[in-house]
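No hydrogens, no waters, no symmetry mates; every other heavy atom, side chains included, goes into these values. Letters A, B, ... mirror the listed sequences (proteins, then strands); counts begin at 1.
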There are 2 protein chains.
Amino acid sequence: MDTQTVCLGLLTFGEASGYDLKKHFEATLDHVFATGFGSIYPALAALAEGGFIECLGAEGEGPTQRKVYRITARGEEELKRRLATSQPSHKLRSELLALLYFSHLVPPQRVAELLDERIASMEAGLRHLARSGCPGEHRWPGSVRFVNGFASALIEAGVRYMKDHRHLLEQDRTTQP
Amino acid sequence: MDTQTVCLGLLTFGEASGYDLKKHFEATLDHVFATGFGSIYPALAALAEGGFIECLGAEGEGPTQRKVYRITARGEEELKRRLATSQPSHKLRSELLALLYFSHLVPPQRVAELLDERIASMEAGLRHLARSGCPGEHRWPGSVRFVNGFASALIEAGVRYMKDHRHLLEQDRTTQP
DNA sequence: CGCAACATGTAAGCGGTTACATGATTAC
DNA sequence: GTAATCATGTAACCGCTTACATGTTGCG
């Protein structure tokens, strides 16, 4: 389950360019599986090389023009195989939490700033997900709603916890271990 | 905020060997910032090289014996500098959620198995945190309780969401996009 | 006697991040 | 005109993961 596989999966929802896939990531998946152009474009090239996707003739010549890809039958089989056999990980990696573990060595004002910033960015993410989640245009499949909802639930829990327990980081400042 | 900095920070809690640090990670930090021996030992070597920590004479000769480290004054300054200046990230990376995004291509039985496994492992993590959280031996500083509590809150929210919404992954199976 | 836990390290490989490079089109 | 967005790609770097290699101590 690397970026390559996820790109392959996204193409089961319809034809798309690398840029389109990035937009799709930003709309929903980025909250649980972030990816940049530097991963997407090589992934598409490798998938095309393997015959798992095909490029519907680049519109216009040169390296600047839009290249739309479609998944092939072989690609769908490969995707199903990968989805069926991988042992999917699930990890939080938070430099912020690691830093706060040592908040007794950080100026209180900076601790407060870091928390404020994170809460603000989480709340922005929440609003962003709420927008993506009800586009009216077409109903998302249950799987997509599940993942969006999961991200929302986790972010919400994080925000609530930070607001309710940040006082823990302001006490014990005088007691050196 | 890489493994090196976190190791440096953990040494502010007292002298420790690489193995001790790994145990400390496993007890609490692993839930928000996982690390293996392959990161810890090189990190300690580099920190010692830079004069940020010092090795209290290895007990016994050869490469097998326990090597206990202590943070130096220079190390504490460096740590404070790093904690004060870094822009700490905070990211979830879940191959599981990415996979479930395409659950319309996964056998229902496997979806159920994956969810059951993840829920079980999360509940195990919760029990593990509860044990580490009240050791009776000595009261943890507020910062550590904050991080432990955050991890617990997030895992709990994840478990609850998965239990309450897994039905979303079982519908829409017949409707192909 | 064997197994688990203790204890330290190296090296290859993989994959994500970031910076760089380029250029077209659209809106103000 | 000029800034933002659209659009594709490469290459270096960095750090984590994994496998390997080795040896001791304590328990049943």
*Would you say the side chain of B:L97 lies within less than 4.5 Å of the side chain of B:L92, judging by non-hydrogen atoms?*
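Contact flag for B:L92/B:L97 side chains = no.
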*Mapping B:K91 and B:F37 to their closest nucleotides on DNA chain C, which lands nearer the 5' end?*
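Nearest-nucleotide comparison on DNA chain C picks B:F37.
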*5' precedence on DNA chain C between A:T3 and B:Y69 (nearest-nucleotide basis)*: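 First, find each residue's nearest nucleotide; the 5'-ward one identifies B:Y69.
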To the nearest Å, give me how far apart [atom1] ([X]) and [atom2] ([N]) are.
X     : N      : atom1 : atom2 : value
A:L44 : D:dA7  : CG    : C1'   : 13 Å
A:L21 : D:dC6  : CG    : P     : 14 Å
A:E26 : D:dC6  : CD    : C1'   : 12 Å
A:Y41 : C:dA21 : OH    : P     : 18 Å
B:L56 : C:dA7  : CG    : P     : 15 Å
B:L92 : C:dG16 : CG    : C1'   : 16 Å

Would you indicate which nucleotide in [options] comes nearest to any side-chain atom of [X]?
X     : options               : answer
B:K23 : D:dC16, C:dT10, C:dC6 : C:dC6
A:S17 : D:dT8, C:dG9, C:dG16  : D:dT8
A:D2  : D:dT8, C:dG16, D:dG15 : C:dG16
A:D20 : C:dC6, D:dA7, C:dT8   : D:dA7
A:Q65 : C:dG16, D:dC6, C:dA24 : C:dA24
B:K67 : C:dG9, D:dG15, D:dG9  : C:dG9
B:Y19 : C:dA7, C:dT10, D:dT10 : C:dA7
A:S39 : D:dG9, D:dC16, C:dG16 : C:dG16

_Mind checking if B:G38 touches a base, just sugar-phosphate, or nothing, with heavy atoms under 4.0 Å?_
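The answer is base, as B:G38 lies within the cut-off (heavy atoms under 4.0 Å) of a base atom.
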*Where does the angle between the aromatic ring planes of B:H24 and B:F13 fall among parallel (under 30°), tilted (30 to 60°) and perpendicular (over 60°)?*
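Judged by the thresholds at 30° and 60°, the geometry between B:H24 and B:F13 is parallel.
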*asked:* Please determine whether a side-chain nitrogen or oxygen atom of A:R93 lies at a distance below 4.0 Å from atom OP1 or OP2 of D:dC16.
replied: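 Checking D:dC16 against A:R93, a side-chain N or O does come within under 4.0 Å of OP1 or OP2.
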*Under 4.0 Å between a Lys/Arg side-chain N and an Asp/Glu carboxylate O for B:E26 and B:K22?*
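Salt bridge: yes.
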*State plainly whether the residues B:D20 and B:K67 are in salt-bridge range, i.e. N to O under 4.0 Å.*
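No salt bridge links B:D20 with B:K67.
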*Is there a donor-acceptor pair closer than 3.5 Å between any side-chain N or O of A:E95 and the backbone N or O of B:S89?*
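The answer is yes, because a donor-acceptor pair under 3.5 Å joins these two groups.
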*Is there a donor-acceptor pair under 3.5 Å between the side chain of B:R70 and the backbone N or O of B:A16?*
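Here the side-chain-to-backbone pair does not exist.
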_For the helix from C:dC1-D:dG28 to C:dC28-D:dG1, what angle separates the axis at the start from the axis at the finish, each from five pairs, in steps of 10°?_
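Roughly 40°, once rounded to the nearest ten degrees.
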*Just do the ring-ring contact (aromatic ring centres under 6.0 Å, His included) check on B:F33 and A:Y101 with the steps written out, would you?*
CA-CA 11 Å; B:F33 195 95; A:Y101 205 78; over 10 Å; no
